[in-house]
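Labels below follow one simple rule: chain letters A, B, ... track the order of the sequence lines, proteins then strands, and each chain is numbered from 1. The structure presented is a predicted model; accordingly, all values stated were derived computationally and were not measured.
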There are 2 protein chains.
Amino acid sequence: MSVSGKLKLVEEGRKAEDYRLDEQVGFVLRKANQRHLAIFAARIGDLTPPQFAALAKLYEVGETSQNQLGQLIAMDAATIKGVIDRLKARRLVALAPHAHDRRRLLVNLTDEGRIALESLLPRARDVTDETLAPLTPREAATFLRLLSKLADG
Amino acid sequence: MSVSGKLKLVEEGRKAEDYRLDEQVGFVLRKANQRHLAIFAARIGDLTPPQFAALAKLYEVGETSQNQLGQLIAMDAATIKGVIDRLKARRLVALAPHAHDRRRLLVNLTDEGRIALESLLPRARDVTDETLAPLTPREAATFLRLLSKLADG
DNA sequence: CGGAATTCGTTCGTGTACAAATGATATACC
DNA sequence: GGTATATCATTTGTACACGAACGAATTCCG
C-alpha cells in the first residue's frame, strides 16, 4: 500500500489491516449456519432443512397455496417450487387445484408426510439442542432473542 | 392425530403442536443470513460474500494454495474452486504453480484485485454495521460473542 | 527403496437461493 | 364491459454448498 493510502486510512481512524474477516457478523453467521447444517444432516439425513421446514409449516397451518407456503418459510417462488417438487416426488405432499382461483396450486401433507414429520419431530428437537449446546441455557435464551431481532431487521 | 399418538406425546411432556418452526435456531439463523445477504447485495452488488471473503483473506495472508484458502474461509475444495474460477475470470486473482509441489496451485491477488478490495473495505464495514443495526452496541457485542461460540462448536 | 496412505485439485450430481422474464388468470377501476 | 394492474406459478441463468469419486503427485513407513 502507498504511503498516501495509509495516511488516508489513518486519518479515518481505521487501517485496512484492521478489517478482520473472521470477526464480521456475516462471516460468522455463515459458519454458524454451516455447523447447524452438519448437525441437521447427521440427525435427519434423509430430508434437507428447507424440506423439513416446508413439512413442519404445512403441519402447523394446513393446506395453503405454494407461494403462500413459501412466504411462511421465507423462500421465494422459484425456490419453494423445487422444494415442493422433490417432496411431491416422494409423496410427502400432494397438490390440488384451487376451487375458485385457477392460478393457485394448493399443497398439503399426505398421510405419509404427516407420519414422517411426526416421527422426525423428536430428532428435530435434538438438532436444536445440539446446535445450542455450546451455550448455557441462559446464553441460549439471550442468543435466540438477539438473533430474532437481527433476522427481523 | 390418533388418540394413542396424542397420549404418547403428552406422556413425554411435549405435544407435536409445541414445535414452532419459527423459534428454532436453524430457521432463524437462515433468516438472519438472508437479511445479511440482502444488505450485502445492496451495498456490494458486484461481488458475492464468498468472493469478497476470498479476496479479504488473500489480502490478510498473501499467496496460498487454493485448498488452504478454502480452509481459511470455511469452503470445501469443490466450492472454493468455483469461487476462484470466477475471480480469476475477472482478473482479481491470479494462479501460479507451486515451485516444489506440482499438485498445488498458488492463488494471489492481482494489483487490480488489491485495489478493488481496498475500495470495498469501507462498504464492507457498512454492511456489518447495517446488519447489526437492530441491536444496541452492547447487544451486538454479546451477540457476536455467543454467535462465535455457536459457530465454533 | 517401494508400496500404502494422504493430499491437491477436479469433476459430477443434487439441492438450495435469488433475479428476471413469461403466460395464465384475477382483480381493480373507469 | 373492458382494459390496466396485480398475482400465481413456472422457467432460465448464475452462484454457492457439499458428498463422492477420481487421477496425479507427495509423503509415510516398513
Item to check | Crowding at CZ, A:R43 (>12 non-hydrogen neighbours, <6.0 Å) | outcome: yes
Checklist entry - For the pair made of CZ in B:R90 and C1' in D:dT14, what is the distance, rounded to whole Å? => result 13 Å
Checklist entry - Hey, are the side chains of B:V25 and A:F143 touching, using non-hydrogen atoms and a 4.5 Å cut-off? => result yes
Checklist entry - More than 12 non-hydrogen atoms from neighbouring residues, nucleotides or ligands closer than 6.0 Å to NZ on A:K149, yes or no? => result yes
Next on the checklist: Across nucleotides 5-13 of chain D, 5' to 3', mark each nucleotide with B, S or - according to how protein heavy atoms within less than 4.0 Å reach it.
Outcome noted: --BSBBB--
Checklist entry - With sequence neighbours left out, what residues match B:F27 under ring pair (Phe, Tyr, Trp, His ring centres under 6.0 Å)? => result none
Checklist entry - Given that A:G82 and A:H100 both sit by DNA chain C, which one's nearest nucleotide is further toward the 5' end? => result A:G82
Item to check | side chain to side chain donor-acceptor pair (under 3.5 Å) contacts touching residues 63-75 of chain A (sequence neighbours left out) | outcome: none
Checklist entry - Got a sec? Which of residues 33-42 of chain B come in under 4.0 Å of DNA chain D, heavy atoms? => result none
Checklist entry - Do any of residues 46-58 of chain B sit with a heavy atom less than 4.0 Å from DNA chain D, and if so which? => result B:T48, B:P50, B:Q51
Next on the checklist: Using a 4.5 Å cut-off between side-chain heavy atoms of Ile, Leu, Val, Met, Phe, Trp and Tyr, which other residues end up in the same hydrophobic cluster as B:L106?
Outcome noted: none
Checklist entry - Partners of B:T142 by side chain to side chain contact (heavy atoms under 4.5 Å, CB included), sequence neighbours excluded? => result A:T142, A:L146, B:R145, B:L146
Item to check | DNA chain C: 5'-most and 3'-most nucleotides touching chain A, 4.0 angstrom heavy-atom criterion | outcome: C:dG15 to C:dA26
Next on the checklist: Any carboxylate oxygen within less than 4.0 angstrom of a Lys/Arg side-chain nitrogen, looking at B:D22 and B:R20?
Outcome noted: no
Checklist entry - Using a side-chain heavy atom cutoff under 4.5 Å and only I, L, V, M, F, W and Y, what cluster partners does A:I115 have? => result none
Next on the checklist: Holding to side chain to side chain contact (heavy atoms under 4.5 Å, CB included), I want the full list of residues that pass it with A:D85, two or more places apart in sequence or in another chain.
Outcome noted: A:K81
Next on the checklist: Taking transitive links into account, so neighbours of neighbours count too, which hydrophobic residues share a cluster with B:L72 at under 4.5 Å side-chain distance?
Outcome noted: B:V61
Checklist outcome for this item: The complete set of salt bridge (charged side-chain N to carboxylate O under 4.0 Å, His left out) pairs with one or both residues in residues 24-41 of chain B, sequence neighbours excluded, reads A:D152-B:K31
Checklist entry - Is a salt bridge present between B:D46 and B:R123, judged by a nitrogen-to-oxygen distance below 4.0 Å? => result no
